[in-house]
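This report refers to the structure that appears directly beneath it.
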Amino acid sequence: MTGYNSRHGMVKVPPYQLYMAFADMRNFLQYLPEDKRQGVQADYDTISASVQNFDIGVKVFERVPYSRISVVDNGAPFAFKVDLHFDPCSNDPNATDFHIAVEADLNFMMKMMLGSKIQSGLDKIVQSFEDLSNGRMPEGVDPSQFPGSDFFTKR
């Protein structure tokens, strides 16, 4: 297994609030553009999709309330595990030290092709949540995808 760790980011919402956004896989559907929802199925524990004839899915492996959510592959062509960490910030009780750890069973060729993309993708996800919590729309994100979303303004 090859490991990747995102940078740590301070998201300005309490850990329990950020954790709850990830705890139910159905929550992810609301952030997909309407034209991308076809073929995506989700329930509380799983989400799966078919993208360009490539089936992939994840299922929740473990939930540690308000601290960590672990998901594993569920119908993917290679094994992987993703840990989402929601740690309290020592200097701000209303902020979360958010980071992501991934372990993937990639062959040499996949490591060479995907390794840097996985790392930069993880860092971009963390940066996006930091930006949203600071009232900024992440770079490259269409604000119309989030109509009426006030997740980061509820405190």
Test side chain to side chain donor-acceptor pair (under 3.5 Å) applied to Asn134 and Lys12, step by step: CA-CA 7 Å; Asn134 283 300; Lys12 293 184 179 179; 2.9 Å; yes

Stepwise side chain to side chain contact (heavy atoms under 4.5 Å, CB included) check, Val13 with Asn94: CA-CA 5 Å; Val13 295; Asn94 292 313; over 6 Å; no

Asp131 vs Gln127, side chain to side chain donor-acceptor pair (under 3.5 Å): CA-CA, chis, key distance, verdict: CA-CA 6 Å; Asp131 288 348; Gln127 181 65 53; 2.8 Å; yes

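Using the six-membered ring where Trp is involved, His85 and His99 have ring planes that are parallel, under 30° apart on the 30 and 60° scheme.
Taking the side-chain hydrogen bond (donor to acceptor under 3.5 Å, both in side chains) definition, one finds that Asp55 meets it with Ser50, sequence neighbours left out. Asp73 pairs by the side-chain hydrogen bond (donor to acceptor under 3.5 Å, both in side chains) definition with nothing, not counting sequence neighbours. Taking the side-chain hydrogen bond (donor to acceptor under 3.5 Å, both in side chains) definition, one finds that Glu62 meets it with Arg68, sequence neighbours left out.
A salt bridge does not link Asp43 to Lys59: none of the charged side-chain nitrogens sits closer than 4.0 Å to a carboxylate oxygen.
The aromatic ring centres of Tyr4 and Phe80 sit 6.0 Å or more apart. Taking the six-membered ring wherever Trp is involved, the centroid distance between the rings of Phe22 and Phe86 falls below 6.0 Å.
Counting non-hydrogen atoms of other residues, nucleotides and ligands closer than 6.0 Å to CE of Met112 gives a total of 12 or fewer. Counting non-hydrogen atoms of neighbouring residues, nucleotides and ligands closer than 6.0 angstrom, the OH atom of Tyr66 reaches no more than 12 such neighbours.
Atom CG of Leu84 is separated from atom CZ of Arg63 by 11.0 Å, given to the nearest 0.5 angstrom.
Nearest heavy-atom pair, Leu29 versus Arg37, reported as atom, atom and distance to 0.1 Å: O-NE, 3.2 Å.
Donor-acceptor pairing under 3.5 Å is recorded for the side chains of Asp83 and Ser70.
Between Phe98 and Met10 the shortest side-chain heavy-atom distance does not fall below 4.5 Å.
Judged purely by atom type and a 3.5 angstrom limit, Asn5 has no side-chain atom pairing as donor or acceptor with the backbone of Ala101.
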